[in-house]
Amino acid sequence: MIELKNLTAGYKGQAIVTNISFIAYPNELTGLLGVNGAGKTTLLKTMSGLIPPIHGKCFISGKNIYHMSEKQRSQCLSFMPQRSSIIYDIPVIDVVLMGITPHLRFLETPSKKHRLLALHVLAQFNLSAFAHRSFLTLSEGQKQLVVIARNLLQNASVMLFDEPDSALDFKNRHWILNHIRELIVKSNRSGLITLHNPNDALNYCHRIIILNEGKIFHSFQPHIISVEELKETFTAIYGKITVIKHQGQWMIGRLFDESRV
Amino acid sequence: MTTKKDDEQKLFFKNPIKQYIILITLGVVVFIISISSGKFPITLTDILRILTGQPMDSLTRLVFLNLRLPRVLMTLLSGIGLSLAGSVYQTIFKNPLATPDLIGVASGANLGAAIAIIFFAGNTLSLTLSAFIGGFIAVMMALSLTQLSRDKSMTHFILAGIVISSLTQGVIMLLKYFADPEHQLAAMEFWAMGSFAHITQAKLFSMLPFFLIGIMFLFLLRWPIRLLSLSDEEAQSLGIPVVWVRYAIIFSATLVVASIVSLTGLIAFIGLIAPHISRMLTRKNDTHTFIISGLIGGVLLMSADTLARTLTVSELPISILTTFIGAPYLAYLMISLKPNDY
């Protein structure tokens with residue numbers, strides 16, 4: 001479980017999100033939704049300790065993460081960036097193996113046992129055949145899955161994902177989001193994901209927090225919210241929309257003016 | 001046309017045992033050629049006699065043990081050290097054009113040498129010591145500058161290196177302006193072209209501790225070095241205190257590079273091209289790639305120094321040869337490589 005208390009975050013003392021408080025529960029994927037510039041990524045990076053907070057606290061299992069060292073923090077919290085920054089040819093197995101780093105002693109290098117663990121995690125994602133391939137030769141979807149496998153090896157109780165679908169096509173996007181949801185539910189972890197597509201947030205997240213102009217605009221659980229309330233909330237953010245619930249799934253569409261060319 | 005097998009070889013990694021065997025064999029061959037070439041004739045039979053303790057004339061023995069052997073060993077160690085440091089820098093700065101002198105070690109050492117030439121008559125001890133200290137101070141100044149700036153990202157490390165290098169170049173130009181053109185200016189220019197001509201057994205032993213400590217630290221830091229090939233954010237989220245680990249790596253690499261250039265002067269290009277060749281051979285970037293880069297550098301520099309000693313009547317400065325090998329190779333890389341093909 002990760003809990004935010006009155007967190008204000010931004011760059012160089014300039015606040016982008018102010019006074020944010022919420023809890024992301026275990027076994028749940030919590031979605032952070034908002035338009036570009038709403039402060040989703042800033043909030044996520046501050047929660048993961050990558051940006052120092054301006055004000056406020058962030059607790060994991062009762063401990064303030066801002067009082068932890070990088071190593072302690074990475075043992076209880078993993079972060080997945082929008083895209084991996086790898087530029088050299090690195091074998092997939094080694095990319096996954098990097099996830100064991102928070103559990104290594106000072107100057108220790110991964111052992112054969114760690115390598116086997118990494119192979120085991122790759123097998124869970126049906127990626128065993130790629131273990132000795134260069135990470136750079138994989139498709140964008142496969143790359144993201146490898147990074148998720150790395151995060152799984154990190155074995156943190158809280159997993160943060162920063163728009164992991166942003167570079168993916170339709171098919172891969174759903175494939176990756178499905179993997180993330182399944183992972184969170186099955187492994188008793190708390191997941192927090194930033195997304196920009198409300199349809200994905202509604203269909204993959206157990207709880208949604210909408211950020212608007214640096215503040216929490218609304219938070220709700222998609223499986224119990226009414227069509228009217230959802231429509232009202234999203235209209236305020238995205239403009240004229242329509243909401244349909246089909247076979248238990250939410251679908252949101254933008255409504256255009258009749259005068260549209 | 002590439003076959004399916006070729007494609008598979010491109011995609012899958014193997015342990016580079018073949019590359020190790022080839023390079024070590026090549027290294028031994030070049031070492032033997034290098035050790036038996038030079039102005040003072042020493043044949044292989046002479047070397048074998050000296051090494052097995054058989055009677056040999058004292059001049060040959062002296063030249064071999066005190067000059068020839070230390071010189072060839074120094075070229076080998078310099079190639080290994082500069083290329084290994086280059087490989088490490090290209091990894092941690094996520095820049096395939098990074099060189100071991102990116103943070104100012106070479107220009108600092110150059111200034112140190114220039115000061116020794118002007119103010120301490122340029123005797124061997126003062127030159128070596130001053131160059132070593134100069135290289136180290138320059139790097140420490142660049143790191144302090146980064147520490148003072150708010151942004152401690154990789155770009156700021158490079159910027160700090162540029163600031164310090166420019167500053168030292170300015171001082172060097174000032175010293176050159178006031179230098180006696182016949183002796184001091186010539187000595188400064190020669191130092192900057194690099195040479196193994198003055199390596200002796202005593203000098204080799206004096207650099208060894210610094211070199212070995214630096215290499216040992218780099219070896220111990222091999223896993224964090226690989227993690228720093230990720231973005232700072234990714235490395236930090238995996239528990240690496242990025243800024244401090246980067247300081248530790250730069251400090252270790254500086255020990256290696258400063259221990260070399262303080263004795264040899266500047267050696268161009270080796271630290272840039274050997275890591276490239278290594279990545280092309282291993283098709284990956286891991287600890288094996290760093291070691292293989294070192295071996296390639298060793299072989300290349302031993303070959304270059306053998307040529308420097310034998311091509312002309314008087315000996316050529318080493319950087320002339322390494323530049324003639326390095327620049328065309330870089331041009332080849334520029335033309336042939338695709339984006340992201342490092």
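The analysis underlying the following values was restricted to heavy atoms, covering all of them including side chains, and did not include hydrogens, waters or symmetry mates.
Under a 4.0 Å N-O distance rule, the pair R279(B)/D89(A) does not qualify as a salt bridge.
Interatomic distance, Q236(B) CD to K71(A) NZ, rounded to the nearest 0.5 Å: 15.0 Å. Remark: M98(A) CE to L238(B) CG distance equals 8.0 Å, nearest 0.5 Å.
The shortest heavy-atom contact between I86(A) and L230(B) is CG1-CD2, 3.4 Å. Of all heavy-atom pairs spanning Q154(A) and S237(B), the tightest one is NE2-O, 3.0 Å. A pairwise comparison of heavy atoms in R226(B) and I90(A) identifies NH2-CG2, 3.6 Å as the closest pair. Shown here for I240(B) and E70(A), the closest heavy-atom pair between the two residues is O-CG, 4.1 Å. Contact record, L220(B) with L107(A): O-CD2, 3.6 Å, taken as the closest heavy-atom pair. For the residue pair W223(B) and L97(A), the shortest heavy atom distance occurs at CZ2-O, 3.8 Å.
Looking only at distances, no side-chain donor or acceptor of Q75(A) sits under 3.5 Å from a matching main-chain atom of G239(B). Within the 3.5 Å criterion, the main-chain N or O of D286(B) finds no donor-acceptor partner in the side chain of Y88(A).
Within 6.0 Å of NZ on K57(A) lie no more than 12 heavy atoms contributed by other residues, nucleotides or ligands. For Y329(B), the OH atom is densely surrounded, since the number of other residues' heavy atoms within 6.0 Å is greater than 12. The local environment of OH in Y247(B) is crowded, with over 12 non-hydrogen atoms from other residues, nucleotides or ligands closer than 6.0 Å.
For the set G49(A), S84(A), S78(A), S69(A), the count of heavy-atom pairs under 4.5 angstrom toward chain B peaks at S84(A). For the set S231(B), S229(B), P224(B), the count of heavy-atom pairs under 4.5 angstrom toward chain A peaks at S231(B).
Proximity to chain A is limited to the side chain of E234(B), based on heavy atoms less than 4.5 angstrom apart. Both the backbone and the side chain of P241(B) come within less than 4.5 Å of a heavy atom in chain A. At a 4.5 Å heavy-atom cutoff, the contact between R222(B) and chain A is made by side-chain atoms alone. Both the backbone and the side chain of D94(A) come within contact range of chain B, with heavy atoms under 4.5 Å apart. In this structure, the portions of P102(A) lying under 4.5 Å from any heavy atom of chain B include both its backbone and its side chain. Looking at S48(A), neither its backbone nor its side chain comes within 4.5 Å of chain B, counting heavy atoms on both sides. Of the atoms belonging to L104(A), it is side-chain heavy atoms, and not backbone ones, that fall under 4.5 Å from chain B.
The shortest distance between side-chain heavy atoms of S134(A) and R283(B) does not fall below 4.5 Å.
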